[in-house]
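What's counted below: heavy atoms across the whole structure, side chains too, no hydrogens, waters or symmetry copies. Every chain is numbered from 1, with letters handed out A, B, ... down the list of sequences.
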Protein chains: 2
Amino acid sequence: MTLMTTIEEESVPKKSVVIHKKNLRLKSVLSYLYQEGACTLAQLADVAHTSIPSVTGLVEQLMEEGWVSSNGIVTGNNGRRPALFGLRPDGHYVIVLDSNTHDTRLLIVNPLRQIVFQRTVNRRLEDTAEFLDFLAQFVTETLAGSVIPKTAILAMGLAIPGLIDARRDLNLTYSSLNPTSQSITAWLEERLDLPVYLINDTKATALGENRFGGGLGKKHVLSINIDWGVGLGIILDGKVFQGASGYAGELGHIQVDPDGELCYCGKVGCLDTITSASSLVRRVQRAVLDGCVSQLAAQQNDVSQITIHHVIEAAHQGDAFAIDQLHETGYQLGKGLSIAINLFNPEVIIVDGVLAQAAVFITNPIEQAINKHCLSGFRNDLTVEVTKLNGAAKWLGTHAYVMENLFADF
Amino acid sequence: MTLMTTIEEESVPKKSVVIHKKNLRLKSVLSYLYQEGACTLAQLADVAHTSIPSVTGLVEQLMEEGWVSSNGIVTGNNGRRPALFGLRPDGHYVIVLDSNTHDTRLLIVNPLRQIVFQRTVNRRLEDTAEFLDFLAQFVTETLAGSVIPKTAILAMGLAIPGLIDARRDLNLTYSSLNPTSQSITAWLEERLDLPVYLINDTKATALGENRFGGGLGKKHVLSINIDWGVGLGIILDGKVFQGASGYAGELGHIQVDPDGELCYCGKVGCLDTITSASSLVRRVQRAVLDGCVSQLAAQQNDVSQITIHHVIEAAHQGDAFAIDQLHETGYQLGKGLSIAINLFNPEVIIVDGVLAQAAVFITNPIEQAINKHCLSGFRNDLTVEVTKLNGAAKWLGTHAYVMENLFADF
DNA sequence: CAATGTTTTTAAAAATATTTATTAACTCAG
DNA sequence: CTGAGTTAATAAATATTTTTAAAAACATTG
């Protein structure tokens with residue numbers, strides 16, 4: 001599947017510099033249009049570092065290829081109004097597949113980041129070889145049943161949790177997923193006949209926040225995803241930071257308590273064991289059994305029914321016990337985050353995941369811990385925010401990851 | 001002071017794209033020549049993404065401006081031998097000023113990274129307003145006494161320890177250094193009539209290692225500098241990582257022991273209090289007083305004479321006590337480093353500073369700790385090395401920092 | 001030692017991009 | 001509602017860069 005009419009000749013071994021430069025300009029035009037929406041030729045000439053006549057030619061080419069369409073004109077300005085150009089919403093769809101510990105979700109997203117099709121299935125990510133089969137089948141089936149023709153789909157992005165080897169596209173945590181002699185992406189690409197991009201879910205969330213959420217325009221962003229564990233997504237210099245192998249950001253498994261609980265990773269006293277949403281719920285359940293004073297005590301006869309949502313709900317209603325519990329988790333999390341802050345010196349920290357709904361009940365204790373455990377210099381340039389994307393950060397980030405990689409491959 | 005005959009016109013508000021592109025090409029040619037030494041036109045055309053006739057023009061221009069000279073021809077190859085071009089060693093000198101807790105050192109370095117003049121004065125970095133005066137005077141005096149004309153000097157790089165605000169060029173640790181209403185660099189620039197670049201010493205060391213030492217060609221490098229404290233220098237994507245404000249990499253002040261010693265930073269149980277060379281010496285001195293079995297016990301009547309060099313020397317001679325002490329420091333350091341590894345997922349860790357002389361006596365325990373505290377994925381792609389630059393990493397890195405910034409400003 | 005093959009350099013031609021100038025579209029004031 | 005003032009798009013002219021071709025420099029080999 002070709003991305004676009006390649007400018008390249010058939011049998012030229014070394015890419016000519018003029019083609020290389022033209023591709024570079026096409027890439028920056030498309031990236032800019034993707035990020036900013038409709039733009040004028042002047043703006044595009046600016047970002048592509050070229051002249052208006054040149055960029056006019058590029059845009060014409062992209063219009064012929066179905067990427068771009070004329071998109072009205074600017075109003076209100078003085079003088080002649082510039083024409084606007086933007087990505088076309090039809091065609092060039094990307095599949096975003098999000099498989100996590102709750103369910104599996106497939107989105108078909110257009111270049112304007114609108115969801116044109118959506119399907120969720122109640123099957124959670126499993127550490128089995130069959131699960132990849134399921135994913136491939138799920139995609140194939142869904143596509144067969146949808147009105148969107150396969151040829152209109154450009155690529156797929158797969159966001160999953162776990163330690164992902166970004167060079168070999170393997171998942172070290174859910175290692176049964178890895179095909180015997182191939183990468184996850186190569187396996188899926190073969191089955192689906194589509195370019196596939198693999199990204200860790202937390203990294204996708206961070207990218208989504210950086211491109212379209214609270215971290216918009218910021219260079220260095222940390223995003224924490226509090227769910228089963230604590231995931232840290234890192235944006236440095238406006239790019240997803242992967243590290244040498246793709247494992248960067250394992251905050252959940254740094255040791256914070258040498259005498260702590262045994263973590264599922266095999267080590268002792270990991271941050272995960274203290275500050276994840278699941279450990280919070282476990283603590284609450286135990287306390288309710290022990291007869292604590294709280295509206296959550298109403299569930300005393302079946303504490304297993306208590307979920308993180310109940311705790312957050314209770315806190316919002318003023319339940320002191322719930323607030324204290326969230327405070328404790330937030331404070332411990334903030335302590336762990338302080339380490340990351342000392343090392344990364346970020347501009348924003350964005351709280352994502354289920355605990356984001358706890359709003360100030362989680363950000364306040366985090367800030368408190370940061371104030372105590374970081375030098376003042378770090379704090380002055382730092383804000384702690386809760387996501388405003390309402391859970392969309394992950395798929396938005398996955399989509400952006402796919403699109404930006406596609407553009408980069410020109 | 002102009003870097004080179006600017007191609008820019010006098011009163012053009014918006015830089016024309018053709019000038020911008022030419023400057024970009026000049027920059028990549030100069031950077032490449034600086035990094036690689038002598039090159040052929042074909043190589044330069046390659047890195048500048050342009051044609052050979054074009055790069056020939058650029059090189060001719062740089063030769064006229066005194067940057068570049070013809071540098072012999074390649075021998076041995078088949079076919080016509082290409083001419084080599086390289087930076088000229090005369091002129092375009094850069095002053096490297098290194099002020100630390102031991103002494104203050106001034107180097108004049110040519111574009112080939114050869115030291116053409118050197119002067120060390122036995123005055124250590126002080127947290128006083130007068131110290132900046134001293135630095136300026138030291139530079140002025142030295143220049144006046146040297147045969148190198150002031151006009152041949154392009155810029156100065158100042159490497160100092162401490163938390164440096166890279167956007168405002170202030171030192172938060174040695175805060176008395178900061179001029180009342182200016183940055184450190186602006187103040188020095190005014191006094192010396194030279195562009196001045198400020199860089200944290202550990203970051204300079206990391207850059208030196210990445211460009212010319214063990215981290216050569218690697219993308220993600222951590223360099224630890226063990227001296228009075230523990231400094232972590234971070235190279236990500238081949239660039240010095242500064243973070244939002246320039247504070248990135250404060251490994252020394254993450255809390256590793258909540259019940260530990262009080263650190264000079266005001267917090268408790270910082271890594272610095274456990275793993276710095278100075279704390280190691282303190283522990284050794286105490287043990288010697290307590291009558292431990294070691295060749296170091298010979299100094300029992302005046303333990304204050306025992307330095308880190310004695311301990312390392314003893315270890316190399318097989319002294320079990322010294323080896324144990326180094327092991328303990330290395331292991332604790334490795335534990336702290338494991339956190340940074342979990343977050344940065346680097347390719348190499350390079351040990352610098354006085355403890356580098358301890359060689360395997362320090363790297364072995366570090367590796368041991370990493371093996372215990374990091375997931376296997378991280379370890380597989382990671383090596384721990386001792387610097388091979390013999391203490392030159394810092395000034396080499398400072399020089400590279402200045403040169404690369406100068407080129408970038410074209 | 002000349003012929004052949006290889007690679008760099010230089011020169012001329014072709015392609016491409018940028019500037020400048022012109023035309024078009026539109027406000028707003030009088 | 002007309003003309004001055006603005007800004008955008010287009011066209012023509014200019015400049016630059018790349019490509020292609022030819023020449024030069026050198027090694028190898030029969």
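Judged by distance alone, the side chains of D169(B) and T185(B) do bring a donor and an acceptor atom under 3.5 Å apart. Defined by atom type and a distance below 3.5 Å, a donor-acceptor pair is present between the side-chain atoms of S51(B) and S54(B).
For S51(A) and dA17(C), the shortest distance from a side-chain N or O to OP1 or OP2 is not below 4.0 Å. An OP1 or OP2 oxygen of dT16(C) is reached within less than 4.0 angstrom by no side-chain nitrogen or oxygen of S54(A). Look at T56(A) and you won't find any side-chain N or O under 4.0 angstrom from OP1 or OP2 of dT10(D). Under 4.0 angstrom from either OP1 or OP2 of dA24(C) there lies no side-chain N or O belonging to R81(A). In terms of phosphate contacts, K21(A) brings no side-chain nitrogen or oxygen within less than 4.0 Å of OP1 or OP2 of dA17(C).
Of all nucleotides listed (dC26(D), dA9(D), dA17(C)), dA9(D) comes nearest to the side chain of A83(A). In this structure, the nucleotide among dT27(C), dA9(D), dT18(D) sitting nearest to the side chain of V18(A) is dT18(D).
When rounded to the nearest whole Å, the span between CD1 of I73(A) and P of dA24(C) equals 17 Å.
Among all heavy-atom pairs drawn from L194(B) and K150(B), the shortest one is CG-CE, 4.1 Å.
One cannot find a donor-acceptor pair under 3.5 Å joining the base of dT7(D) and the side-chain atoms of R80(A).
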